[in-house]
Peer 1: 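Sharing a structure below in structure tokens format, with a few things to ask.
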There are 2 protein chains.
Amino acid sequence: MGRRHFVVTNKSISEFRGNPYIADCPTRPLLDRIGDRWTVLIMGILGHGEARFSELRRQIEGISQKMLTQTLRGLERNGLVRRTVYPEVPVRVEYALTDAGRSLLEPLDALQEWAIEHVHDVSAAQKAYDEAH
Amino acid sequence: MGRRHFVVTNKSISEFRGNPYIADCPTRPLLDRIGDRWTVLIMGILGHGEARFSELRRQIEGISQKMLTQTLRGLERNGLVRRTVYPEVPVRVEYALTDAGRSLLEPLDALQEWAIEHVHDVSAAQKAYDEAH
DNA sequence: CGGTATCCCTCTCGATACTG
DNA sequence: CAGTATCGAGAGGGATACCG
């Protein structure tokens, strides 16, 4: 998607504030991640406790095996989820939030609060906009 | 992207908590919006005060005219940004956050705080993961 | 100045089939 | 059970050209 079109600078972290798109601003990978279809949902479920692969699959209606695996790998790679393999027969794999993952639930909840508080305003605004255009 | 594959239910709003993907959960459109490439950046700039189209374009390095227009329209449609046309010659158009838009900056800032606090942890986790795989 | 319209490419994601 | 591999559709986004 051409993200490399942006010039990489050496600005301090504080200069990224309010401008998440400059260079390697730390907010961008996070927004990419939570903007995807499944990350927030998976984290929400894991917020209630660890879960097996197939449990997650059952609880998240509509997710494909591929996307569940892929999203969990992404979360694991970012240190938000811990994957534990129990070498039983058949194998058992448990997924759980790390401390970092749990700490991310807080700002995520704040976002959800906002969405819930403003859902009517937003749909009213959409209706008004659509009627005017 | 097949979002219509999900069954629409009549669950109350509170049941959406922790499960943003069921039906028309209000969190999903928000995550889609802030997950896109430009929305958060534009809102960050407008948080400092109103701005003209060309100002935004200059400040947001790398954005195309099309995406600036498209993102601003999306924000306007959701009631987060107000567009004001001054019929001068040449025409002047000012964009500003609405009250709702300003209120969204708070959870967004919380997210940014998290990202800044955890940027080192995350990149360390990525490094460790990549070396182990 | 502040847009629209069009073309096209890339990347994401879903479906499907196969595996240790 | 918990994956991996591969394919293909389609949406997002950039480049470019044109307009009131």
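In what follows, chains are A, B, ... by sequence order, proteins preceding strands, each numbered from 1. For the numbers below, each heavy atom of this structure counts, side chains included, while hydrogens, waters and symmetry mates do not.
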Peer 1: Main chain of A:G79, side chain of A:T98: is a donor-acceptor contact present, judged purely on distance under 3.5 Å?
Peer 2: yes
Peer 1: Would you say B:Y95 reaches C:dG3's phosphate, i.e. side-chain N/O to OP1/OP2 under 4.0 Å?
Peer 2: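 For B:Y95, the contact criterion (side-chain N or O under 4.0 Å from OP1 or OP2 of C:dG3) is met.
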Peer 1: How many Å lie between CD on B:E55 and P on C:dG2, as a whole number?
Peer 2: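 About 9 Å, once rounded to whole Å.
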Peer 1: Closer than 3.5 angstrom, by distance alone: can the side chain of B:S123 be matched with the main-chain N or O of B:H120 as a donor-acceptor pair?
Peer 2: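 Side chain of B:S123 to backbone of B:H120: a pair is present.
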Peer 1: With a 4.0 Å limit, can you tell me whether B:R83 has a side-chain N or O closer than that to the phosphate oxygens OP1/OP2 of C:dG3?
Peer 2: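 For C:dG3, OP1 or OP2 has a side-chain N or O of B:R83 closer than 4.0 Å.
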Peer 1: Any donor-acceptor pair under 3.5 Å linking the side chain of B:E55 with the backbone of B:R52?
Peer 2: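 Checked: pair present.
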Peer 1: Give a yes or no answer on whether the side chain of B:N78 reaches the backbone of B:L80 with a donor-acceptor pair at less than 3.5 Å.
Peer 2: no
Peer 1: OP1 or OP2 of D:dA2 versus the side-chain N and O atoms of A:S54: is any pair under 4.0 Å?
Peer 2: yes
Peer 1: By nearest nucleotide on DNA chain C, pick out whichever of A:V91 and A:M67 is the more 5' one.
Peer 2: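 The residue mapped nearer the 5' terminus is A:M67.
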Peer 1: Starting at the 5' end of DNA chain D, which residue's closest nucleotide do you reach first, B:G35 or A:R73?
Peer 2: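 The 5'-side residue here is A:R73.
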Peer 1: What distance do B:Q59 atom CD and B:L46 atom CG have between them, rounded to the nearest 0.5 Å?
Peer 2: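 Those atoms lie 9.0 Å apart.
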Peer 1: Could you tell me how far apart A:R33 (CZ) and C:dC13 (P) are, to the nearest whole angstrom?
Peer 2: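 Checked: the CZ to P distance equals 10 Å.
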Peer 1: Would you say a side-chain N or O of B:R57 is under 4.0 Å from OP1 or OP2 of C:dC1?
Peer 2: no
Peer 1: What's the NZ-P distance between B:K66 and D:dC19, to the nearest Å?
Peer 2: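 Interatomic distance, NZ of B:K66 to P of D:dC19: 19 Å.
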Peer 1: Ignoring backbone atoms, establish whether B:R52 has a side-chain N or O less than 4.0 Å from OP1 or OP2 of C:dG2.
Peer 2: yes
Peer 1: Rounding to an integer number of Å, can you tell me how far B:R92 CZ sits from D:dG20 P?
Peer 2: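 Rounded to whole Å, this separation is 23 Å.
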Peer 1: Taking CG from A:L72 and P from C:dC13, how many angstroms apart are they, rounded to a whole number?
Peer 2: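 Interatomic distance, CG of A:L72 to P of C:dC13: 14 Å.
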Peer 1: Which whole-number value in Å describes the distance from A:D32 CG to C:dC13 P?
Peer 2: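 Taking atom P of C:dC13 as the reference, CG of A:D32 is at 10 Å.
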Peer 1: Here's a test of your reading of the structure: between B:Q65 and B:Q70, which maps to the more 5' nucleotide of DNA chain D?
Peer 2: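 By nearest-heavy-atom nucleotide position, the 5'-most residue is B:Q70.
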Peer 1: Distance check needed: D:dG13 P versus B:L68 CG, whole Å only.
Peer 2: 13 Å
Peer 1: In this structure, how many angstroms lie between the C1' atom of C:dC13 and the CZ atom of B:R28, rounded?
Peer 2: 13 Å
